[in-house]
K.L.:
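One structure coming up, written as structure tokens, with questions to follow.
All figures in this text were calculated on a predicted structure; none of them were measured in a lab.
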Amino acid sequence: MKPLRLLMTADAIGGVWQYATDLAGALAPLGVDTVIALLGPAPSADQRRAADATPGVTLVDTGLPVDWLCEDAVPVRAAGAAIADLAREHAVDLIQYNMPTLAAAPAGLPTIAVTHGCVSTWWAAAKRSQLDQSYLWHRSLMLEGLRAVDRVVAPTRAYGESVAALYGLPLAPVAVHNGRTAPAEIKPGPLSDEAITVGRMWDSVKNASLLDRVAARLAVPFYAAGALVGPLNERVTLNHLQTLGEIDDDAVRQRLARRPVFVSAASFEPFGLAVLEAAQAGCALVLSDIATFRELWDGAAVFVSGDDAQTWTAAVEALIADPVRRHTLGEAARVRAARYTPAAAARAMATHYRALLSGDVTRVAA
């Protein structure tokens with residue numbers, strides 16, 4: 001069978017990079033060659049090496065902007081047109097937009113959008129207020145892109161439903177869960193009496209300030225891995241979490257192999273790759289009680305509602321004090337994590353690709 005050629009957009013700022021490279025690698029055995037069109041800042045040397053080592057992947061650093069770092073729709077529309085030109089240049093069969101605003105520019109090819117997050121849904125969780133007028137252009141362009149593509153996918157059903165409600169879509173995006181390959185080279189060690197959180201600490205929806213208050217109350221170390229400063233100079237000051245900064249994948253895996261209690265107090269998380277990585281390592285999970293986490297981890301995690309630091313502290317302390325329950329929860333998380341693999345995501349996405357290429361552009365409900 002002739003290989004299917006896919007152009008997939010990505011950026012190197014957050015989880016979309018890991019999603020795109022993992023998915024592209026898993027698509028190769030299914031007969032899909034992928035051109036990853038990178039937008040935004042250049043990838044790190046480690047990111048570039050990983051992409052270059054992924055079979056079936058061609059990485060193109062476009063220099064085009066990421067939508068949420070723009071001030072209006074003009075550069076995003078231009079980026080969408082440039083992506084369409086790039087798709088024709090590389091003779092691809094279809095385009096997967098991991099930034100749906102780009103789809104507002106006509107491509108002349110079958111198109112699929114995966115909505116990993118957007119300004120409007122993030123704002124609702126972070127600000128709990130009406131979207132600022134200066135971002136209304138993004139909501140409008142996002143809606144235009146979602147309506148323009150042949151199919152819309154979300155990483156969880158819960159997030160897809162929130163997107164459908166916010167943008168008034170007639171059908172919710174179809175859910176295709178993200179995946180990560182569990183590292184075989186690092187074996188879990190004995191339970192370590194500590195806690196850890198991993199992610200963009202500067203992003204207010206990660207609630208790092210709440211976890212900092214929890215760290216002040218805990219008798220065990222509480223580590224935080226991730227950037228403290230964002231691309232728009234967003235900052236968080238942490239006085240009690242033991243910050244590790246941005247560490248590479250191997251260093252994160254080594255930390256998780258110690259099986260600390262993994263904590264995420266995120267108020268907005270369309271999927272959560274860091275939680276999945278912790279679950280693969282057999283860490284007990286303490287998570288915010290949000291719909292996406294419930295969809296993925298119900299029955300395999302401790303859920304905490306609200307932002308009371310003492311409640312969160314008690315949840316972590318209870319697991320530290322009860323190693324049997326902690327081990328049981330960690331094993332439940334590890335077993336659940338086995339559902340969420342790049343191979344499973346690739347099989348689902350390839351089904352959608354081939355349906356579109358066969359002329360089936362029927363919108364699919366979640």
K.L.:
Given side chains that start at C-beta, do those of Leu296 and His177 come closer than 4.5 Å, heavy atoms only?
P.N.:
yes
K.L.:
Are Asp193 and Arg326 ion-paired here, with the side-chain N under 4.0 Å from a carboxylate O?
P.N.:
yes
K.L.:
Apply side-chain contact (heavy atoms from CB on, under 4.5 Å) to Ser192 and Arg259, showing your working.
P.N.:
CA-CA 6 Å; Ser192 178; Arg259 291 191 291 168; over 6 Å; no
K.L.:
Without swapping roles, check the side chain of Asp67 against the backbone of Thr101 for a donor-acceptor pair under 3.5 Å.
P.N.:
no
K.L.:
In sequence, state the C-alpha distance, the side-chain angles, and the governing distance for Asn178 and Leu273, and then conclude on side-chain contact (heavy atoms from CB on, under 4.5 Å).
P.N.:
CA-CA 8 Å; Asn178 293 349; Leu273 285 173; 4.1 Å; yes
K.L.:
Would a 4.5 Å heavy-atom cut-off, applied to side chains only, mark Phe293 and Val275 as touching?
P.N.:
yes
K.L.:
Is the shortest heavy-atom distance from the side chain of Thr62 to the side chain of Leu86 under 4.5 Å?
P.N.:
yes
K.L.:
For residues Pro100 and Leu146, report the shortest heavy-atom separation together with the two atoms involved.
P.N.:
CB-CD2, 4.0 Å
K.L.:
Could you walk me through whether Ile36 and Val57 pass the side-chain contact (heavy atoms from CB on, under 4.5 Å) check?
P.N.:
CA-CA 7 Å; Ile36 296 180; Val57 172; 3.8 Å; yes
K.L.:
Indicate yes or no: at least one non-hydrogen side-chain atom of Val74 is less than 4.5 angstrom from one of Trp137.
P.N.:
no
K.L.:
If only atom types and distance count, is the side chain of Thr156 paired as donor or acceptor with the main-chain N or O of Pro270 below 3.5 Å?
P.N.:
yes
K.L.:
So, do His138 and Val76 sit near enough that their side-chain heavy atoms are less than 4.5 Å apart?
P.N.:
no
K.L.:
Is a salt bridge present between Asp132 and Lys127, judged by a nitrogen-to-oxygen distance below 4.0 Å?
P.N.:
no
K.L.:
For Pro155 and Thr115, work out which heavy atoms get closest and say how close.
P.N.:
CD-O, 3.2 Å
K.L.:
Will you find, in the side chains of Asp46 and Ser44, an N or O donor that is under 3.5 Å from an N or O acceptor?
P.N.:
no
K.L.:
How about Tyr135: does its OH atom have over 12 heavy atoms from other parts shown lying under 6.0 Å from it?
P.N.:
no
K.L.:
Considering all heavy atoms of both residues, which atom of Pro3 and which atom of Asp93 are nearest to each other, and what is their separation?
P.N.:
O-OD2, 4.1 Å
K.L.:
Locate the shortest heavy-atom distance separating Ala37 from Leu7; write the atom from each residue and the value.
P.N.:
CB-CD2, 4.1 Å
K.L.:
Looking at Thr311 and Asp307, would you say the former's side chain and the latter's main chain have a donor-acceptor pair under 3.5 Å?
P.N.:
no
K.L.:
Any chance you could measure Gln18, atom CD, to Leu23, atom CG, to the nearest 0.5 Å?
P.N.:
11.5 Å
K.L.:
When you compare the side chain of Val119 with that of Arg139, does any pair of heavy atoms fall below 4.5 Å?
P.N.:
no
K.L.:
Is there a path of hydrophobic side-chain contacts, each under 4.5 Å between heavy atoms, that joins Val205 and Trp297?
P.N.:
no
K.L.:
Closer than 3.5 angstrom, by distance alone: can the side chain of Tyr223 be matched with the main-chain N or O of Pro260 as a donor-acceptor pair?
P.N.:
no
K.L.:
If the plane angle is over 60° it's perpendicular, under 30° parallel, otherwise tilted; pick one for His116 and Tyr19.
P.N.:
perpendicular
K.L.:
Are Arg253 and Glu277 ion-paired here, with the side-chain N under 4.0 Å from a carboxylate O?
P.N.:
no
K.L.:
Are Leu38 and Leu64 linked, directly or through other ILVMFWY residues, by side chains that come within less than 4.5 angstrom of each other?
P.N.:
no
K.L.:
Can Asp22 and Thr181 be said to form a side-chain contact (heavy atoms from CB on, under 4.5 Å), step by step?
P.N.:
CA-CA 8 Å; Asp22 282 351; Thr181 300; 5.7 Å; no
K.L.:
Atom CD1 of Ile112 and atom CD1 of Ile95: how far apart are they, to the nearest 0.5 Å?
P.N.:
12.0 Å
K.L.:
How far apart are the C-alpha atoms of Lys206 and Glu269, what are their side-chain angles, what is the distance that settles it, and do they pass the salt bridge (Lys or Arg N to Asp or Glu O under 4.0 Å) test?
P.N.:
CA-CA 8 Å; Lys206 303 300 184 184; Glu269 193 66 88; 2.7 Å; yes
K.L.:
Distance from Arg213 atom CZ to Asn239 atom CG, nearest 0.5 Å?
P.N.:
12.0 Å
K.L.:
Using a 3.5 Å distance criterion without hydrogens, assess whether the side chain of Arg180 forms a donor-acceptor pair with backbone atoms of Ala274.
P.N.:
no
K.L.:
Please check if Leu69 and Met142 belong to a single hydrophobic cluster, counting links between Ile, Leu, Val, Met, Phe, Trp and Tyr side chain heavy atoms closer than 4.5 Å.
P.N.:
yes
K.L.:
Would you say Tyr159 and Thr121 are linked by a side-chain donor-acceptor pair, where the criterion is simply a distance under 3.5 Å?
P.N.:
yes
K.L.:
Does a donor on one side chain sit under 3.5 Å from an acceptor on the other, for Arg235 and Asn233?
P.N.:
yes
K.L.:
Between OG of Ser358 and OH of Tyr353, what distance do you get to the nearest 0.5 Å?
P.N.:
15.0 Å
K.L.:
Indicate the atoms forming the closest heavy-atom contact of Cys70 with Pro75, along with that distance.
P.N.:
SG-CG, 3.8 Å
K.L.:
Would a 4.5 Å heavy-atom cut-off, applied to side chains only, mark Leu171 and Leu169 as touching?
P.N.:
no
K.L.:
Using atom types as modelled and distance alone, determine if a side-chain donor or acceptor of Arg157 lies under 3.5 Å from a backbone N or O of Glu295.
P.N.:
no
K.L.:
With rounding to the nearest 0.5 Å, note down the distance linking CH2 in Trp68 to SG in Cys118.
P.N.:
13.0 Å
K.L.:
Taking atom CD as the centre, does Gln133 end up with more than 12 heavy-atom neighbours from other residues, nucleotides or ligands that are less than 6.0 angstrom away?
P.N.:
no
K.L.:
Would you check if there is a donor-acceptor pair between the side chains of Asn98 and Thr9 at a distance under 3.5 Å?
P.N.:
no
K.L.:
Whether the Trp122 and Asp203 side chains hold a donor-acceptor pair (N or O, under 3.5 Å, no angle test) is what I'd like checked.
P.N.:
yes
K.L.:
Treat each ILVMFWY residue as a node, draw an edge where side-chain heavy atoms are under 4.5 Å apart, and state whether Leu329 and Val263 are in one component.
P.N.:
yes
K.L.:
Does Asp52 pair with Arg49 as a salt bridge, N-O distance under 4.0 Å?
P.N.:
no
K.L.:
Please report the closest heavy-atom contact between Ala315 and Val286, naming both atoms and the distance.
P.N.:
CB-CG1, 4.1 Å
K.L.:
Check whether any side-chain N or O of Asp33 sits under 3.5 Å from a backbone N or O of Arg5 as a donor-acceptor pair, and report yes or no.
P.N.:
no
K.L.:
If hydrophobic clusters are built from ILVMFWY residues whose side chains come within less than 4.5 Å, do Val261 and Leu244 share one?
P.N.:
no
K.L.:
Any Lys/Arg nitrogen of Glu144 or Arg77 sitting under 4.0 Å from an Asp/Glu carboxylate oxygen of the other?
P.N.:
yes
K.L.:
Does Arg294 qualify as a cation-pi partner of Phe303, given the criterion of NZ or CZ under 6.0 Å from the six-membered ring centre and within 45 degrees of its axis?
P.N.:
yes
K.L.:
Hey, what do you get for CG (Leu356) to OG1 (Thr111), rounding to the nearest 0.5 Å?
P.N.:
7.5 Å
K.L.:
Has Ser140 got a side-chain atom pairing as donor or acceptor with Leu136's backbone, closer than 3.5 angstrom?
P.N.:
no
K.L.:
Can you find a heavy atom in the side chain of Val236 that is under 4.5 Å from one in the side chain of Ser209?
P.N.:
yes
